[in-house]
Amino acid sequence: MSGSVITAVEKLETGIPGFEHVSVGGFPKGRTCLLSGTAGSAKTVFAVQFLVEGIRRGEGGVFVTFEESPENIMSNMLSFGWNLEQLVSEGGLAFVDASPQLDQELVEAGSYDLGALLARIEYAVGKVRAKRVSVDSLGAVFSQFSDVATVRGELYRMAVALKKLAVTALLTAERTEEYGPLARFGVEEFVADNVIILRNVLDDEKRRRTLEILKFRGTDHAKGEFPFTVIPGEGVVIIPLSETKLNQKSSTLRVTSGNDTLDEMCGGGFFRDSVILVSGATGCGKTLLVTAFVSGAQKQDDRCLLFAFEESREQLFRNASGWGMDFETMEQQGKLKVVCVYPEVMGLEDHLIRMKREIRAFKPTRVAVDSLSALERVSTGKSFREFVIGITSFIKHQEIVGLFSSTTPTLFGGASITEEHISTITDSILLLRYVEMFGEMRRGITVLKMRGSMHDKGIREYAIDGQGMHIGAQFHGIAGILSGQPMQISQPEIERMGSLFREELGE
Amino acid sequence: MNKFRLTLYVTGHTPRSEKGIRNLQRICAEELQGTYEMTVIDVLEQPQLAEDQKILATPTLVKELPPPLRRVIGDLSDTEKVLLGLDIAAVVERNERKGK
(Lines give C-alpha, C1' and ligand atoms only; values in the text may rest on other atoms or scores of the structure.)
Protein backbone atom coordinates (compact mmCIF):
# COMPACT_ATOMS: atom_id res chain seq x y z
CA MET A 1 0.00 0.00 0.00
CA SER A 2 1.12 3.54 -0.64
CA GLY A 3 1.36 5.95 2.20
CA SER A 4 -2.09 7.38 1.68
CA VAL A 5 -3.84 9.08 4.53
CA ILE A 6 -7.10 7.44 5.44
CA THR A 7 -9.84 9.98 5.98
CA ALA A 8 -13.39 9.66 7.19
CA VAL A 9 -16.21 9.54 4.65
CA GLU A 10 -17.09 13.00 3.40
CA LYS A 11 -20.60 13.89 2.32
CA LEU A 12 -21.69 15.47 -0.93
CA GLU A 13 -24.62 17.84 -0.65
CA THR A 14 -27.19 16.59 -3.16
CA GLY A 15 -29.53 19.59 -3.24
CA ILE A 16 -32.62 17.37 -3.23
CA PRO A 17 -35.02 19.04 -0.78
CA GLY A 18 -35.05 17.21 2.53
CA PHE A 19 -32.43 14.65 1.53
CA GLU A 20 -29.57 16.35 3.33
CA HIS A 21 -31.46 16.02 6.55
CA VAL A 22 -32.36 12.37 6.11
CA SER A 23 -28.84 11.52 4.99
CA VAL A 24 -27.11 13.78 7.55
CA GLY A 25 -25.37 15.91 4.96
CA GLY A 26 -25.80 14.12 1.64
CA PHE A 27 -24.34 11.17 -0.26
CA PRO A 28 -21.02 9.65 0.75
CA LYS A 29 -18.66 11.60 -1.51
CA GLY A 30 -16.81 9.73 -4.21
CA ARG A 31 -18.73 6.55 -3.56
CA THR A 32 -21.36 4.57 -5.36
CA CYS A 33 -24.88 4.30 -4.09
CA LEU A 34 -27.60 1.87 -5.11
CA LEU A 35 -31.05 3.37 -5.52
CA SER A 36 -33.56 0.56 -5.56
CA GLY A 37 -37.29 0.72 -6.13
CA THR A 38 -40.25 -0.84 -7.89
CA ALA A 39 -41.64 0.42 -11.19
CA GLY A 40 -43.01 3.94 -10.76
CA SER A 41 -41.12 4.68 -7.56
CA ALA A 42 -39.51 7.82 -9.07
CA LYS A 43 -36.02 6.36 -9.48
CA THR A 44 -35.33 8.12 -12.75
CA VAL A 45 -36.62 11.46 -11.45
CA PHE A 46 -34.36 11.12 -8.42
CA ALA A 47 -31.39 10.17 -10.59
CA VAL A 48 -31.88 13.15 -12.92
CA GLN A 49 -32.52 15.57 -10.05
CA PHE A 50 -29.27 14.44 -8.43
CA LEU A 51 -27.41 15.58 -11.57
CA VAL A 52 -29.42 18.77 -12.15
CA GLU A 53 -28.79 19.96 -8.59
CA GLY A 54 -25.10 19.17 -9.06
CA ILE A 55 -24.94 21.23 -12.24
CA ARG A 56 -26.56 24.13 -10.37
CA ARG A 57 -23.66 23.87 -7.94
CA GLY A 58 -21.15 23.87 -10.77
CA GLU A 59 -20.52 20.12 -10.71
CA GLY A 60 -20.78 18.41 -14.08
CA GLY A 61 -23.01 15.36 -14.44
CA VAL A 62 -23.17 12.27 -16.64
CA PHE A 63 -26.38 10.34 -17.18
CA VAL A 64 -25.95 6.77 -18.38
CA THR A 65 -29.25 5.42 -19.63
CA PHE A 66 -29.86 1.74 -20.27
CA GLU A 67 -33.58 2.03 -20.49
CA GLU A 68 -35.09 5.15 -22.03
CA SER A 69 -33.58 7.13 -24.86
CA PRO A 70 -32.04 10.51 -23.94
CA GLU A 71 -34.74 12.19 -26.05
CA ASN A 72 -37.47 10.55 -23.97
CA ILE A 73 -35.81 11.50 -20.70
CA MET A 74 -35.33 15.09 -21.87
CA SER A 75 -38.98 15.47 -22.75
CA ASN A 76 -40.21 13.73 -19.58
CA MET A 77 -38.09 15.92 -17.32
CA LEU A 78 -39.36 19.18 -18.83
CA SER A 79 -42.40 18.94 -16.54
CA PHE A 80 -40.07 19.35 -13.55
CA GLY A 81 -38.66 22.52 -15.05
CA TRP A 82 -35.38 20.85 -16.00
CA ASN A 83 -34.20 21.73 -19.48
CA LEU A 84 -31.70 18.94 -20.00
CA GLU A 85 -31.15 19.80 -23.64
CA GLN A 86 -29.90 23.21 -22.59
CA LEU A 87 -27.69 21.71 -19.88
CA VAL A 88 -26.15 19.41 -22.50
CA SER A 89 -25.48 22.27 -24.91
CA GLU A 90 -23.97 24.37 -22.12
CA GLY A 91 -21.59 21.54 -21.34
CA GLY A 92 -22.77 20.73 -17.83
CA LEU A 93 -24.46 17.47 -18.67
CA ALA A 94 -23.55 14.55 -20.90
CA PHE A 95 -25.62 11.54 -21.81
CA VAL A 96 -24.23 8.09 -22.43
CA ASP A 97 -26.94 6.49 -24.50
CA ALA A 98 -26.89 2.77 -23.83
CA SER A 99 -30.59 2.30 -24.42
CA PRO A 100 -31.64 -0.63 -26.61
CA GLN A 101 -31.43 0.13 -30.33
CA LEU A 102 -34.62 -1.45 -31.49
CA ASP A 103 -33.94 -1.02 -35.17
CA GLN A 104 -30.84 -3.14 -35.00
CA GLU A 105 -30.74 -6.84 -34.36
CA LEU A 106 -27.86 -7.89 -32.22
CA VAL A 107 -26.16 -11.21 -32.87
CA GLU A 108 -23.71 -12.59 -30.35
CA ALA A 109 -20.83 -14.53 -31.86
CA GLY A 110 -18.29 -15.34 -29.19
CA SER A 111 -17.28 -13.78 -25.92
CA TYR A 112 -17.44 -10.04 -25.28
CA ASP A 113 -17.14 -7.40 -22.61
CA LEU A 114 -18.60 -3.93 -22.07
CA GLY A 115 -15.31 -2.17 -22.69
CA ALA A 116 -16.88 0.36 -25.03
CA LEU A 117 -19.43 1.36 -22.42
CA LEU A 118 -16.73 1.94 -19.82
CA ALA A 119 -14.68 3.92 -22.32
CA ARG A 120 -17.70 6.07 -23.17
CA ILE A 121 -18.50 6.74 -19.49
CA GLU A 122 -14.91 7.69 -18.79
CA TYR A 123 -14.86 9.92 -21.86
CA ALA A 124 -18.11 11.65 -20.88
CA VAL A 125 -16.91 12.19 -17.30
CA GLY A 126 -13.78 13.86 -18.64
CA LYS A 127 -15.68 15.93 -21.19
CA VAL A 128 -17.97 17.70 -18.67
CA ARG A 129 -15.57 17.30 -15.72
CA ALA A 130 -18.30 15.38 -13.96
CA LYS A 131 -18.50 15.03 -10.22
CA ARG A 132 -21.75 13.10 -10.36
CA VAL A 133 -22.86 10.12 -12.43
CA SER A 134 -26.31 8.53 -12.57
CA VAL A 135 -26.83 5.11 -14.12
CA ASP A 136 -30.44 4.21 -14.91
CA SER A 137 -31.07 1.31 -14.59
CA LEU A 138 -28.84 -1.69 -13.98
CA GLY A 139 -31.52 -4.29 -14.59
CA ALA A 140 -32.10 -3.03 -18.13
CA VAL A 141 -28.56 -4.01 -19.16
CA PHE A 142 -29.43 -7.63 -18.57
CA SER A 143 -32.26 -7.49 -21.07
CA GLN A 144 -29.89 -6.36 -23.81
CA PHE A 145 -27.43 -9.22 -23.51
CA SER A 146 -27.88 -12.94 -23.11
CA ASP A 147 -24.79 -13.67 -21.05
CA VAL A 148 -25.89 -12.77 -17.50
CA ALA A 149 -22.58 -13.76 -15.90
CA THR A 150 -20.60 -11.52 -18.26
CA VAL A 151 -22.94 -8.57 -17.76
CA ARG A 152 -22.77 -8.90 -13.98
CA GLY A 153 -18.98 -9.04 -14.13
CA GLU A 154 -18.87 -6.01 -16.40
CA LEU A 155 -21.20 -4.01 -14.17
CA TYR A 156 -18.91 -4.79 -11.28
CA ARG A 157 -16.04 -3.49 -13.38
CA MET A 158 -18.08 -0.34 -14.06
CA ALA A 159 -18.66 0.20 -10.32
CA VAL A 160 -14.92 -0.13 -9.71
CA ALA A 161 -14.15 2.25 -12.58
CA LEU A 162 -16.59 4.85 -11.20
CA LYS A 163 -14.82 4.70 -7.85
CA LYS A 164 -11.47 5.30 -9.58
CA LEU A 165 -12.89 8.31 -11.41
CA ALA A 166 -13.63 9.88 -7.99
CA VAL A 167 -17.23 10.65 -8.92
CA THR A 168 -20.23 10.23 -6.67
CA ALA A 169 -22.43 7.77 -8.49
CA LEU A 170 -26.03 6.76 -8.20
CA LEU A 171 -27.01 3.42 -9.73
CA THR A 172 -30.68 2.64 -9.95
CA ALA A 173 -32.05 -0.88 -9.86
CA GLU A 174 -35.57 -2.20 -10.03
CA ARG A 175 -37.15 -4.58 -7.62
CA THR A 176 -40.35 -6.51 -7.99
CA GLU A 177 -41.73 -6.26 -4.46
CA GLU A 178 -41.89 -3.34 -2.04
CA TYR A 179 -40.69 -5.45 0.85
CA GLY A 180 -38.76 -8.18 -0.92
CA PRO A 181 -35.30 -8.74 -2.40
CA LEU A 182 -33.26 -5.56 -2.82
CA ALA A 183 -32.89 -5.76 -6.58
CA ARG A 184 -33.14 -8.14 -9.50
CA PHE A 185 -30.17 -10.03 -10.94
CA GLY A 186 -28.30 -9.71 -7.65
CA VAL A 187 -26.84 -6.34 -8.64
CA GLU A 188 -26.85 -5.18 -5.03
CA GLU A 189 -23.86 -7.42 -4.44
CA PHE A 190 -21.38 -5.08 -6.05
CA VAL A 191 -22.69 -1.74 -4.82
CA ALA A 192 -23.46 -2.85 -1.32
CA ASP A 193 -21.79 0.05 0.46
CA ASN A 194 -24.69 2.43 0.21
CA VAL A 195 -28.28 1.48 -0.42
CA ILE A 196 -31.33 3.72 -0.68
CA ILE A 197 -34.82 2.30 -1.21
CA LEU A 198 -37.70 4.20 -2.78
CA ARG A 199 -41.14 2.80 -2.09
CA ASN A 200 -44.52 3.46 -3.60
CA VAL A 201 -46.97 1.54 -1.46
CA LEU A 202 -50.67 1.23 -2.01
CA ASP A 203 -52.26 1.59 1.39
CA ASP A 204 -56.02 1.76 1.75
CA GLU A 205 -56.47 2.92 -1.87
CA LYS A 206 -53.91 5.68 -1.42
CA ARG A 207 -50.37 5.81 -2.74
CA ARG A 208 -47.71 6.59 -0.24
CA ARG A 209 -44.15 7.25 -1.35
CA THR A 210 -41.30 6.79 1.06
CA LEU A 211 -37.53 6.89 0.98
CA GLU A 212 -35.38 4.80 3.24
CA ILE A 213 -31.62 4.83 3.58
CA LEU A 214 -30.89 1.20 4.25
CA LYS A 215 -27.20 1.73 4.77
CA PHE A 216 -24.38 4.20 4.32
CA ARG A 217 -21.22 2.34 5.13
CA GLY A 218 -18.95 4.27 7.44
CA THR A 219 -21.21 7.26 7.91
CA ASP A 220 -24.34 8.35 9.63
CA HIS A 221 -27.91 8.64 8.34
CA ALA A 222 -31.46 8.86 9.68
CA LYS A 223 -33.24 5.53 10.08
CA GLY A 224 -36.60 4.45 8.80
CA GLU A 225 -38.93 5.46 5.99
CA PHE A 226 -39.48 9.12 5.19
CA PRO A 227 -42.44 10.23 3.12
CA PHE A 228 -41.70 12.09 -0.07
CA THR A 229 -43.63 13.45 -2.98
CA VAL A 230 -42.93 14.26 -6.61
CA ILE A 231 -44.08 17.75 -7.52
CA PRO A 232 -44.34 19.19 -11.02
CA GLY A 233 -41.83 21.99 -11.38
CA GLU A 234 -39.73 20.77 -8.47
CA GLY A 235 -39.15 17.04 -8.54
CA VAL A 236 -38.61 14.90 -5.48
CA VAL A 237 -39.26 16.60 -2.14
CA ILE A 238 -38.58 14.57 0.98
CA ILE A 239 -40.45 15.36 4.16
CA PRO A 240 -38.13 14.73 7.06
CA LEU A 241 -40.12 14.36 10.22
CA SER A 242 -37.24 14.27 12.63
CA GLU A 243 -36.29 17.71 11.35
CA THR A 244 -39.12 18.98 13.47
CA LYS A 245 -37.23 19.20 16.71
CA LEU A 246 -38.88 20.45 19.84
CA ASN A 247 -36.73 23.50 20.17
CA GLN A 248 -39.07 26.33 19.38
CA LYS A 249 -38.85 29.44 21.46
CA SER A 250 -41.71 30.23 23.69
CA SER A 251 -43.45 33.53 23.66
CA THR A 252 -45.43 35.26 26.37
CA LEU A 253 -47.04 37.60 23.90
CA ARG A 254 -50.78 37.12 23.67
CA VAL A 255 -53.04 37.52 20.69
CA THR A 256 -56.79 37.79 20.68
CA SER A 257 -58.99 34.90 19.71
CA GLY A 258 -61.45 37.37 18.25
CA ASN A 259 -63.86 36.78 21.12
CA ASP A 260 -63.38 38.82 24.31
CA THR A 261 -64.96 36.30 26.65
CA LEU A 262 -62.89 33.50 25.18
CA ASP A 263 -59.76 35.60 25.66
CA GLU A 264 -60.72 35.97 29.31
CA MET A 265 -61.24 32.23 29.65
CA CYS A 266 -57.78 31.66 28.21
CA GLY A 267 -56.20 34.04 30.68
CA GLY A 268 -55.83 36.91 28.23
CA GLY A 269 -55.75 35.37 24.79
CA PHE A 270 -53.69 32.77 22.87
CA PHE A 271 -49.91 32.75 22.97
CA ARG A 272 -48.19 34.06 19.84
CA ASP A 273 -46.40 30.81 19.03
CA SER A 274 -49.00 28.30 20.11
CA VAL A 275 -51.22 25.89 18.26
CA ILE A 276 -54.84 25.65 19.31
CA LEU A 277 -57.18 22.81 18.48
CA VAL A 278 -60.90 23.46 18.38
CA SER A 279 -62.86 20.24 18.63
CA GLY A 280 -66.59 19.90 18.22
CA ALA A 281 -69.42 18.09 16.52
CA THR A 282 -70.84 19.29 13.24
CA GLY A 283 -72.73 22.59 13.41
CA CYS A 284 -71.61 23.59 16.88
CA GLY A 285 -69.74 26.68 15.78
CA LYS A 286 -66.21 25.67 14.88
CA THR A 287 -66.17 27.63 11.66
CA LEU A 288 -67.56 30.60 13.56
CA LEU A 289 -64.70 30.38 16.02
CA VAL A 290 -62.27 30.19 13.10
CA THR A 291 -63.94 33.18 11.46
CA ALA A 292 -63.70 35.17 14.70
CA PHE A 293 -60.05 34.21 14.98
CA VAL A 294 -59.43 35.42 11.43
CA SER A 295 -61.12 38.76 12.00
CA GLY A 296 -59.18 39.09 15.25
CA ALA A 297 -56.22 39.73 12.98
CA GLN A 298 -57.73 43.05 12.04
CA LYS A 299 -57.94 44.24 15.63
CA GLN A 300 -54.28 43.55 16.24
CA ASP A 301 -52.93 44.48 12.83
CA ASP A 302 -51.99 40.85 12.15
CA ARG A 303 -51.85 39.03 8.85
CA CYS A 304 -53.94 35.91 8.63
CA LEU A 305 -53.76 32.93 6.30
CA LEU A 306 -56.82 30.71 6.20
CA PHE A 307 -56.73 27.22 4.73
CA ALA A 308 -60.26 26.11 4.01
CA PHE A 309 -60.83 22.47 3.11
CA GLU A 310 -64.59 22.36 3.53
CA GLU A 311 -66.07 25.59 2.22
CA SER A 312 -65.42 27.80 -0.77
CA ARG A 313 -64.11 31.33 -0.52
CA GLU A 314 -67.55 32.73 -1.36
CA GLN A 315 -69.23 30.68 1.36
CA LEU A 316 -66.68 31.74 3.93
CA PHE A 317 -67.03 35.41 3.02
CA ARG A 318 -70.80 35.21 3.13
CA ASN A 319 -70.75 33.46 6.52
CA ALA A 320 -68.37 36.09 7.87
CA SER A 321 -70.52 38.98 6.72
CA GLY A 322 -73.51 37.21 8.29
CA TRP A 323 -71.71 37.53 11.62
CA GLY A 324 -70.75 41.13 10.96
CA MET A 325 -67.16 40.50 9.93
CA ASP A 326 -65.78 41.95 6.75
CA PHE A 327 -63.34 39.55 5.06
CA GLU A 328 -63.50 41.41 1.78
CA THR A 329 -61.91 44.53 3.21
CA MET A 330 -59.31 42.52 5.08
CA GLU A 331 -58.32 40.81 1.89
CA GLN A 332 -58.03 44.11 0.05
CA GLN A 333 -55.86 45.48 2.84
CA GLY A 334 -53.60 42.47 2.44
CA LYS A 335 -54.33 41.26 5.92
CA LEU A 336 -56.06 38.10 4.85
CA LYS A 337 -55.41 35.37 2.38
CA VAL A 338 -57.82 32.52 1.91
CA VAL A 339 -56.65 29.29 0.29
CA CYS A 340 -59.53 27.00 -0.60
CA VAL A 341 -58.79 23.56 -1.88
CA TYR A 342 -60.56 20.23 -1.83
CA PRO A 343 -58.64 17.73 0.27
CA GLU A 344 -59.03 15.14 -2.48
CA VAL A 345 -57.10 17.03 -5.15
CA MET A 346 -53.73 15.84 -3.88
CA GLY A 347 -52.01 13.64 -1.38
CA LEU A 348 -51.34 14.78 2.14
CA GLU A 349 -47.62 15.17 1.50
CA ASP A 350 -48.42 17.56 -1.32
CA HIS A 351 -50.82 19.46 0.91
CA LEU A 352 -48.13 19.84 3.54
CA ILE A 353 -45.59 21.18 1.08
CA ARG A 354 -48.12 23.50 -0.47
CA MET A 355 -49.23 24.85 2.90
CA LYS A 356 -45.64 25.45 3.96
CA ARG A 357 -45.01 27.29 0.72
CA GLU A 358 -48.10 29.47 1.18
CA ILE A 359 -47.05 30.31 4.73
CA ARG A 360 -43.53 31.21 3.64
CA ALA A 361 -44.84 33.38 0.83
CA PHE A 362 -47.56 35.26 2.73
CA LYS A 363 -45.69 35.48 6.05
CA PRO A 364 -48.81 35.55 8.21
CA THR A 365 -48.83 36.05 11.97
CA ARG A 366 -51.81 33.77 12.37
CA VAL A 367 -52.85 30.65 10.48
CA ALA A 368 -56.23 28.96 10.59
CA VAL A 369 -57.05 25.50 9.22
CA ASP A 370 -60.68 24.55 8.76
CA SER A 371 -60.74 21.63 9.19
CA LEU A 372 -58.04 19.10 9.90
CA SER A 373 -60.52 16.26 9.93
CA ALA A 374 -61.36 16.96 6.30
CA LEU A 375 -57.75 16.15 5.45
CA GLU A 376 -57.99 12.97 7.42
CA ARG A 377 -60.37 11.68 4.77
CA VAL A 378 -57.69 11.55 2.10
CA SER A 379 -54.97 9.80 4.01
CA THR A 380 -53.99 6.79 5.99
CA GLY A 381 -53.51 7.02 9.73
CA LYS A 382 -49.75 7.01 9.42
CA SER A 383 -49.44 9.77 6.88
CA PHE A 384 -52.03 11.84 8.71
CA ARG A 385 -50.00 11.66 11.89
CA GLU A 386 -46.90 12.71 9.95
CA PHE A 387 -48.81 15.55 8.38
CA VAL A 388 -50.11 16.88 11.69
CA ILE A 389 -46.67 16.77 13.28
CA GLY A 390 -45.18 18.39 10.19
CA ILE A 391 -47.58 21.30 9.98
CA THR A 392 -47.80 22.05 13.71
CA SER A 393 -44.07 22.07 14.21
CA PHE A 394 -43.60 24.24 11.13
CA ILE A 395 -46.12 26.77 12.39
CA LYS A 396 -44.55 26.88 15.84
CA HIS A 397 -41.11 27.44 14.37
CA GLN A 398 -42.34 30.46 12.47
CA GLU A 399 -43.74 31.92 15.70
CA ILE A 400 -47.18 32.00 14.30
CA VAL A 401 -50.36 31.31 16.21
CA GLY A 402 -52.27 28.46 14.61
CA LEU A 403 -55.90 27.50 15.03
CA PHE A 404 -57.02 24.09 13.77
CA SER A 405 -60.56 22.89 13.82
CA SER A 406 -61.52 19.26 14.06
CA THR A 407 -64.90 17.61 13.76
CA THR A 408 -65.84 14.89 16.22
CA PRO A 409 -67.59 11.91 14.65
CA THR A 410 -70.39 11.83 17.23
CA LEU A 411 -72.78 14.58 18.26
CA PHE A 412 -72.20 14.15 21.97
CA GLY A 413 -68.88 13.83 23.65
CA GLY A 414 -66.29 11.64 22.02
CA ALA A 415 -62.91 12.25 20.46
CA SER A 416 -61.81 11.80 16.87
CA ILE A 417 -58.63 10.21 15.59
CA THR A 418 -57.49 13.70 14.72
CA GLU A 419 -57.42 14.59 18.37
CA GLU A 420 -55.59 11.42 19.27
CA HIS A 421 -52.72 12.51 17.06
CA ILE A 422 -52.77 16.17 17.69
CA SER A 423 -53.83 16.70 21.29
CA THR A 424 -50.39 16.15 22.72
CA ILE A 425 -48.77 18.45 20.20
CA THR A 426 -51.14 21.36 20.48
CA ASP A 427 -50.71 23.85 23.26
CA SER A 428 -54.36 24.53 23.83
CA ILE A 429 -57.54 22.60 23.26
CA LEU A 430 -60.98 24.16 23.12
CA LEU A 431 -63.94 21.82 23.28
CA LEU A 432 -67.30 22.78 21.83
CA ARG A 433 -69.97 20.32 22.94
CA TYR A 434 -73.69 19.87 22.57
CA VAL A 435 -75.53 19.60 25.87
CA GLU A 436 -79.00 18.13 25.90
CA MET A 437 -81.02 19.60 28.77
CA PHE A 438 -84.73 19.35 29.36
CA GLY A 439 -85.44 18.46 25.74
CA GLU A 440 -83.35 21.31 24.42
CA MET A 441 -80.01 21.41 22.58
CA ARG A 442 -77.64 23.81 24.28
CA ARG A 443 -73.98 24.34 23.66
CA GLY A 444 -71.06 24.37 26.00
CA ILE A 445 -67.46 25.52 25.61
CA THR A 446 -64.48 24.72 27.77
CA VAL A 447 -60.76 25.30 27.70
CA LEU A 448 -59.49 21.78 28.22
CA LYS A 449 -55.85 22.66 28.18
CA MET A 450 -53.83 25.83 27.98
CA ARG A 451 -50.11 25.30 28.21
CA GLY A 452 -48.26 27.80 30.37
CA SER A 453 -51.23 29.80 31.50
CA MET A 454 -54.04 29.96 33.97
CA HIS A 455 -57.40 29.39 32.34
CA ASP A 456 -61.05 29.06 33.19
CA LYS A 457 -61.77 25.45 34.16
CA GLY A 458 -65.53 25.74 33.89
CA ILE A 459 -67.81 24.53 31.12
CA ARG A 460 -69.66 27.60 29.97
CA GLU A 461 -72.76 27.90 27.91
CA TYR A 462 -72.69 29.85 24.67
CA ALA A 463 -75.18 30.98 22.09
CA ILE A 464 -74.77 31.90 18.44
CA ASP A 465 -76.65 34.76 16.80
CA GLY A 466 -76.16 37.34 14.06
CA GLN A 467 -73.34 38.98 16.03
CA GLY A 468 -71.33 35.84 16.49
CA MET A 469 -70.65 33.75 19.56
CA HIS A 470 -71.75 34.84 23.01
CA ILE A 471 -70.26 32.95 25.90
CA GLY A 472 -72.38 33.03 29.02
CA ALA A 473 -72.20 31.58 32.49
CA GLN A 474 -70.96 28.23 33.66
CA PHE A 475 -73.32 25.26 33.57
CA HIS A 476 -74.45 24.65 37.13
CA GLY A 477 -75.89 21.50 38.51
CA ILE A 478 -74.94 19.45 35.47
CA ALA A 479 -72.40 16.65 35.31
CA GLY A 480 -71.16 14.41 32.53
CA ILE A 481 -71.23 16.98 29.68
CA LEU A 482 -67.93 15.86 28.19
CA SER A 483 -68.83 12.20 28.31
CA GLY A 484 -71.92 13.07 26.29
CA GLN A 485 -74.34 11.99 29.01
CA PRO A 486 -75.26 15.12 30.98
CA MET A 487 -77.00 14.48 34.28
CA GLN A 488 -78.69 16.96 36.50
CA ILE A 489 -77.48 17.05 40.06
CA SER A 490 -79.83 18.42 42.71
CA GLN A 491 -78.79 21.37 44.84
CA PRO A 492 -78.66 19.47 48.19
CA GLU A 493 -76.32 16.94 46.57
CA ILE A 494 -73.91 19.66 45.44
CA GLU A 495 -73.88 21.11 48.94
CA ARG A 496 -73.28 17.68 50.45
CA MET A 497 -70.36 17.07 48.08
CA GLY A 498 -68.95 20.49 48.91
CA SER A 499 -69.08 19.90 52.66
CA LEU A 500 -67.48 16.48 52.19
CA PHE A 501 -64.29 18.05 50.90
CA ARG A 502 -64.30 20.79 53.52
CA GLU A 503 -64.26 18.17 56.26
CA GLU A 504 -61.37 16.36 54.63
CA LEU A 505 -59.40 19.55 54.42
CA GLY A 506 -59.89 19.83 58.14
CA GLU A 507 -61.93 22.98 58.19
CA MET B 1 -20.42 -5.88 -57.29
CA ASN B 2 -21.36 -5.31 -53.65
CA LYS B 3 -18.50 -4.10 -51.59
CA PHE B 4 -18.56 -4.75 -47.86
CA ARG B 5 -17.67 -1.94 -45.48
CA LEU B 6 -16.98 -3.41 -42.06
CA THR B 7 -15.92 -1.63 -38.86
CA LEU B 8 -14.69 -3.49 -35.81
CA TYR B 9 -14.71 -1.71 -32.45
CA VAL B 10 -12.28 -3.08 -29.87
CA THR B 11 -10.97 -2.00 -26.46
CA GLY B 12 -7.20 -1.65 -26.43
CA HIS B 13 -4.80 -4.48 -27.20
CA THR B 14 -6.37 -7.17 -25.12
CA PRO B 15 -6.27 -10.85 -26.07
CA ARG B 16 -9.98 -10.59 -26.85
CA SER B 17 -9.39 -7.65 -29.21
CA GLU B 18 -6.60 -9.48 -31.00
CA LYS B 19 -8.75 -12.57 -31.32
CA GLY B 20 -11.64 -10.55 -32.75
CA ILE B 21 -9.38 -8.90 -35.34
CA ARG B 22 -7.81 -12.25 -36.35
CA ASN B 23 -11.21 -13.91 -36.66
CA LEU B 24 -12.56 -11.09 -38.80
CA GLN B 25 -9.53 -11.17 -41.09
CA ARG B 26 -9.96 -14.93 -41.48
CA ILE B 27 -13.68 -14.71 -42.25
CA CYS B 28 -13.14 -11.90 -44.75
CA ALA B 29 -10.36 -13.77 -46.48
CA GLU B 30 -12.37 -16.96 -46.69
CA GLU B 31 -15.80 -15.59 -47.54
CA LEU B 32 -15.40 -12.13 -49.10
CA GLN B 33 -12.32 -12.48 -51.24
CA GLY B 34 -11.15 -8.91 -51.87
CA THR B 35 -14.61 -7.35 -51.78
CA TYR B 36 -14.34 -5.63 -48.46
CA GLU B 37 -13.01 -2.61 -46.61
CA MET B 38 -12.17 -3.22 -42.97
CA THR B 39 -11.55 -0.63 -40.29
CA VAL B 40 -10.54 -1.34 -36.71
CA ILE B 41 -11.37 1.31 -34.11
CA ASP B 42 -9.97 1.32 -30.59
CA VAL B 43 -12.67 2.84 -28.39
CA LEU B 44 -10.07 3.86 -25.82
CA GLU B 45 -8.49 6.11 -28.42
CA GLN B 46 -11.67 7.26 -30.15
CA PRO B 47 -14.47 7.16 -27.57
CA GLN B 48 -16.50 9.75 -29.49
CA LEU B 49 -16.90 7.30 -32.37
CA ALA B 50 -18.17 4.66 -29.95
CA GLU B 51 -20.53 7.26 -28.52
CA ASP B 52 -21.85 8.22 -31.98
CA GLN B 53 -22.42 4.59 -32.91
CA LYS B 54 -23.79 3.76 -29.43
CA ILE B 55 -21.40 0.84 -29.03
CA LEU B 56 -21.63 -0.92 -25.67
CA ALA B 57 -19.87 -4.22 -26.02
CA THR B 58 -16.46 -4.93 -27.46
CA PRO B 59 -15.62 -6.35 -29.85
CA THR B 60 -18.55 -5.09 -31.94
CA LEU B 61 -18.59 -5.60 -35.68
CA VAL B 62 -20.73 -3.17 -37.67
CA LYS B 63 -21.58 -3.82 -41.30
CA GLU B 64 -22.21 -0.38 -42.74
CA LEU B 65 -22.50 -1.45 -46.38
CA PRO B 66 -24.31 -2.97 -48.11
CA PRO B 67 -27.55 -2.20 -46.29
CA PRO B 68 -29.13 -3.18 -43.99
CA LEU B 69 -26.93 -2.02 -41.11
CA ARG B 70 -26.04 -5.01 -38.98
CA ARG B 71 -24.18 -5.59 -35.73
CA VAL B 72 -22.44 -8.61 -34.33
CA ILE B 73 -20.86 -8.62 -30.90
CA GLY B 74 -18.26 -10.98 -29.48
CA ASP B 75 -14.81 -12.15 -30.54
CA LEU B 76 -16.31 -13.57 -33.77
CA SER B 77 -15.13 -17.10 -32.99
CA ASP B 78 -18.47 -18.50 -34.16
CA THR B 79 -18.15 -18.07 -37.94
CA GLU B 80 -21.65 -19.36 -38.70
CA LYS B 81 -23.20 -16.75 -36.45
CA VAL B 82 -21.04 -13.96 -37.85
CA LEU B 83 -22.15 -14.77 -41.39
CA LEU B 84 -25.74 -15.06 -40.27
CA GLY B 85 -25.57 -11.83 -38.26
CA LEU B 86 -24.03 -9.86 -41.11
CA ASP B 87 -26.43 -11.36 -43.59
CA ILE B 88 -23.33 -12.29 -45.57
CA ALA B 89 -24.25 -15.85 -46.46
CA ALA B 90 -27.03 -14.66 -48.76
CA VAL B 91 -24.85 -12.09 -50.47
CA VAL B 92 -21.99 -14.50 -50.96
CA GLU B 93 -24.34 -17.05 -52.44
CA ARG B 94 -25.76 -14.46 -54.82
CA ASN B 95 -22.29 -13.35 -55.88
CA GLU B 96 -21.33 -16.94 -56.48
CA ARG B 97 -24.39 -17.48 -58.65
CA LYS B 98 -23.61 -14.35 -60.66
CA GLY B 99 -20.03 -15.51 -61.16
CA LYS B 100 -21.15 -18.84 -62.56
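Every chain is numbered from 1, with letters handed out A, B, ... down the list of sequences. Please read these numbers as outputs of a predicted model, since none were measured by experiment.
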How many angstroms lie between atom [atom1] of [X] and atom [atom2] of [Y], to the nearest 0.5 angstrom?
X	Y	atom1	atom2	answer
B/Glu51	A/Ile121	CD	CD1	10.0 Å
B/Thr60	A/Glu108	OG1	CD	10.0 Å
A/Leu117	B/Ile55	CG	CD1	11.5 Å

Other residues, nucleotides, ligands: >12 heavy atoms within 6.0 Å of [X] [atom1]:
X	atom1	value
A/Arg129	CZ	no
A/Lys131	NZ	no
A/Glu68	CD	yes

Q) Quick one: what part of B/Thr11 sits under 4.5 Å from any heavy atom of chain A, side chain, backbone, both or neither? A) side chain
Q: Below 4.5 Å from any heavy atom of chain A, which atoms of B/Arg16 appear? Answer side chain, backbone, both or neither.
A: side chain
Q) So what's closer than 4.5 Å to chain B heavy atoms on A/Glu154: side chain, backbone, both or neither? A) neither
Q.
If I measure from the heavy atoms of chain B, does A/Phe95 come under 4.5 Å with its side chain, its backbone, both, or neither?
A. backbone
With a 4.5 Å cut-off on heavy-atom pairs, point out which of [options] contacts chain A the most.
options	answer
B/Val43, B/Leu61, B/Thr79, B/Leu69	B/Val43
B/Gln48, B/Lys54, B/Glu80	B/Lys54
B/Ser77, B/Pro59, B/Ala50	B/Ala50

Q | Closest contact, heavy atoms only, B/Gly85 versus A/Val107 | A | CA-CG2, 3.5 Å
Q. Is there a side-chain contact between B/Leu56 and A/Arg120, using heavy atoms and a 4.5 Å cut-off?
A. yes
Q) So do A/Glu122 and B/Pro47 actually touch side chain to side chain, heavy atoms under 4.5 Å? A) no
**Q.** Leading residue by heavy atom contact count with chain B [cutoff under 4.5 Å; candidates A/Gly110, A/Ala124, A/Ala116]
**A.** A/Ala116
